[in-house]
Structure formats: structure tokens, C-alpha cells
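It should be emphasised that the depicted structure is a prediction, and the values quoted were computed from it without experimental measurement. Each chain gets a letter, A, B and so on, in the order the sequences are listed, and its residues count up from 1.
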Protein chains: 2
Amino acid sequence: MSKDKNRVPEPVARRMPKYYGFLTEMDKNGIKRVSSKQLSETMGLTASQIRQDFNSFGGFGQQGYGYNVSELRQEIKKILGLHRSHDLVVVGAGNLGRALTNYSGFEKEGFYVRALFDVDPQLIGAQIKGIEILPWESIKEYTSNNSIDIAVICTPKDKCRQVATILMDCGIRNIWNFSPSSISAPPGVMVENVNLNDSLFTLSFRLNETAILDSKE
Amino acid sequence: MSKDKNRVPEPVARRMPKYYGFLTEMDKNGIKRVSSKQLSETMGLTASQIRQDFNSFGGFGQQGYGYNVSELRQEIKKILGLHRSHDLVVVGAGNLGRALTNYSGFEKEGFYVRALFDVDPQLIGAQIKGIEILPWESIKEYTSNNSIDIAVICTPKDKCRQVATILMDCGIRNIWNFSPSSISAPPGVMVENVNLNDSLFTLSFRLNETAILDSKE
DNA sequence: TAGATTGTTAATCGATTAACAATC
DNA sequence: TAGATTGTTAATCGATTAACAATC
């Protein structure tokens, strides 16, 4: 089992997808080379930080030249694990679960929703983009017959923990959690939380903070 | 205009909604008092950090006692600006825009979607939960007749920047951006980005990292 | 070669943690 | 009062930034 001290720091991990996005854009626009200085200007980071980040994975650049956009993009693509495809299941076929399944952006990077699960008998048997909604009771059977990399939790808040426990019991090691309830993950299980409530409330906090600060001046 | 140095640090701002969530839960369960030590155990933070966080807004506790759950919750609710209601518009009535509009969780905290906007003539005139989808061309007119606090961007990637510019032009100061493209905000405009691609890729990165680290041992 | 820009070490900054006096 | 726990200052830790030798 991997130790925590070997892990890349969280801030670096969060910037890697950003680099990938910008490099993909540049590559698409036919840009061949880029310096950390140039990248820093488009991305709003410091050149120093960018070089530090890249160097925690190895030297991808060349002194006096900079970085080859296409090469660097390929390296980061591999670092992010996007060189291989991933199989997903979505648990909870409500509004959000269906919206995520319908979104084509993930497929473009090799993330495929293979099935949805729900407890509502009305939904079972229906299809989203040709992907079937299966009864939640059959999750164990399904995962023992199909190799699944990531489970996406789109259930109501109160079902989240219980669902997570069952998923881990089914051998799922990676969870993308959209329920506004955090999951305590045992070692070896990775949880990425997307808490939309928290996100909206942070915006509201800043909005409110500005109003207070401004009124004080 | 408020200065940046007066702003609460980002990590603190991100933890406030978490506190609110846990305190709401405790309050609902009838818990009357809580110490920073107890909170630290349920939330997975240090007691010291919790006290520091609360104290950046003023002393809400009492020596020897701890914090009154309901009182503290009310204080944080105010800090987050949740004591007043917010009016929202959703731009882009696709899967995600409709899913967010349908989600009832935001209304519970006083965030109301007042209208959706889209360019697709097929969608215009339809309703989501009784909320009308209006033509994007009418955004300027709409915002001059209706006071809107937050705009939610749910358009495709390539439309995001252009939409953001128009929204700011309409006087919108707060943007909740779900498009996988970051928005450069001029001073005075607040942007909260929810980049689902980045989130999924970070999970994929950790998943891949674990595999690599484990294979090395 | 001269200029540019990396990779990397050292300095700085900011956030977290520890410690403890104040006080309920 | 004695025990508990805050509010707050000081110490530590980690991440960012600056600097510069290496080298393309």
C-alpha cells in the first residue's frame, strides 16, 4: 500500500488538470512551444511554481527553449491517467445522475458510464443515452461481473454513506461523490467530493463579505 | 471597493460551509453544545484550527463550556450570507442547467432560480419546475427589470467567456461557472468555478498515482 | 557564441499546529 | 473552587516565490 508521504501535495494535484486543459487548448491552436513565463501569463500562476510543479514529475523542458506543447501535454495526460479508459457506474438516476451521464465531455477523455442504478421501480429499465438503469439491489452482482473503476454517487444526502459502504463492499476503490455529505474513506479508497452546496455557499460568503467590507469604508 | 488584504483566506472561506453543514446536522439532532475538540473529531480537523477559524469572525464560544450549537450555527449562517435570499438565473438550459434548476436543496437555503436562458428556439417557452426558459437575447432586458444576484453558467465550453462578458455587462457581479473554462474576473466580480473535468481528472490522477506507487514497492 | 530558459536550491510567506494564560 | 475549554500568541510546517548556475 502506498504511503501518504509519497503522494503529490494536494495543490499540485489540483493544478495538473488545469495544465492539461491549457496545453490541450494550445495544442489545438497549433502552438508548438511554450515557456513557463508564457504559461504563467495565460494561467495566472508564477513561472516558478509551474517549473516546480512539472519538476515534481521529472524534467520535461529544455533550457533556453522551454517546453514542447504537444510532448508536455502527452506527459501530463499520462500523469493524470488519461492514457487509459475508465469504466464508471452512476448511483442515483435523478436529475444530476442523468445529466452527468448525458454529458459527452467525459467520454472524450475515456470515462464511460456503463450503467446507472436506482431504487425507484419507475426508473428501472429506462435508458439514458442507451445506458440502462438497473435496480440498486443488483449492484453486487453487477460489479462482480463487470470491472468498474469509479462509482459516481448522485443520491440524496441521507443515502450517501450507506451507498458508499455498499460500494466499497463491492470492491469499488474510487468514488466521485456529488451528495452534500462527506464520506470517510478507509485507506486505499479515494473519494473526490463535489459539494455543490459548499461551492454555492462559498460564493455567497464572498458576495456577503464584499458587501460588509465595502459598507465599512 | 474592498481590498484583498481584508478578505478571509481561501482555506478558511472553504471551511465555513463545512462548519455550517455539520452544525446544521447537530442542531437537527438536538445537540445543544459542542467543543472545538468534539467538532475536530467529527470533522477531521484540528481543534486549534477550528478555534482559529471561528475567531477570525469574533468570539462565539465560552471558556470552560465550548460553543452553543444553535447560536454558532446562526452566526455562521449570517457569515455565509444565508440569512437573506438570493435570486439566480441559469444560462444554458441543457442537462446540467435543468438538473441544477430542479434541485431543491438550494431553495432550502434561499437560492431561487428565477429564469433560465438559452439560444435554442426549441427550448424557449418550456418550463422547468414552473420556471420559464427565455431567449438569451433578452438577458439585458430581463436583468434591467429584475434584480439578480448570481448567474449560473451552464453553457458549452466555447460559449463561456462570451456569455460571462455579456453577464458582467448586464451588471451581474457574481458568477457560478460550471463550464470547463475559467473566467478571468475583473475586480468586483466574483467567480466560483465548478470544473467537473478537473475534479474527475484529479480523481483519475490519484487513482493512477496509487497504482504507480504500489507497483514500485 | 550570446540569449533564453530550464532545473534546483535557498528565502520568504502564509497557514496550521502547539501552548498556555484567561476565564467561565 | 476545580476542571474544562476558549481566545490568542508563539512555533512549526509546508507551499510559494526568488535567485541563479547549468545548459540548450
Legend entry - Base-pairing string, 5' to 3', of DNA chain D - Watson-Crick or wobble, under 3.5 Å, | interstrand: ..||||||||||||||||||||||
Legend entry - ring pair (Phe, Tyr, Trp, His ring centres under 6.0 Å) against A/Y19, all qualifying residues, sequence neighbours excluded: A/F54
Legend entry - Sequence-distant partners of A/T24, side-chain hydrogen bond (donor to acceptor under 3.5 Å, both in side chains), two or more places apart: A/R73
Legend entry - Check ion pair B/K32-B/E71 (N to O, under 4.0 angstrom): no
Inset, instruction - Flag the pair B/D198 and A/R15 as a salt bridge only when some basic side-chain nitrogen lies within less than 4.0 angstrom of an acidic carboxylate oxygen. - result: no
Inset, instruction - Ignoring hydrogens and angles, tell me if any N or O in the side chain of B/S199 forms a donor-acceptor pair with the backbone of B/N195 under 3.5 Å. - result: no
Inset, instruction - Give the minimum heavy-atom separation between A/R161 and A/S181, together with the two atoms involved. - result: NH2-OG, 3.5 Å
Inset, instruction - Could you tell me whether a side-chain N or O of B/T143 sits under 3.5 Å from a main-chain N or O of B/I139, the two making a donor and an acceptor? - result: yes
Legend entry - Sub-4.0 Å heavy-atom contacts from residues 57-76 of chain A onto DNA chain C, ordered by number: A/G59, A/F60, A/G61, A/Q62, A/Q63, A/G64, A/Y65, A/G66, A/Y67
Inset, instruction - May I ask you to check if B/R33 and B/Y65 form a cation-pi contact, with NZ or CZ under 6.0 angstrom from the six-membered ring centre and within 45° of the axis? - result: yes
Inset, instruction - For DNA chain C, note the earliest and the latest nucleotide, 5' to 3', having some atom under 4.0 Å of a heavy atom belonging to chain A. - result: C/dA4 to C/dA10
Legend entry - Carboxylate-amine/guanidinium contact A/K140 A/D169, below 4.0 Å: yes
Legend entry - Salt-bridge present (A/E109, A/R84; N to O < 4.0 Å): no
Inset, instruction - For B/Y20 and B/L80, work out which heavy atoms get closest and say how close. - result: CB-CD1, 3.7 Å
Inset, instruction - Give me the ring orientation class for A/H86 and A/F111: parallel if the planes are under 30° apart, tilted from 30 to 60°, perpendicular past 60°. - result: parallel
Inset, instruction - Tell me which residues in residues 38-51 of chain B put a heavy atom below 4.0 Å from DNA chain C, sorted by number, or none. - result: B/T46, B/S48, B/Q49, B/R51
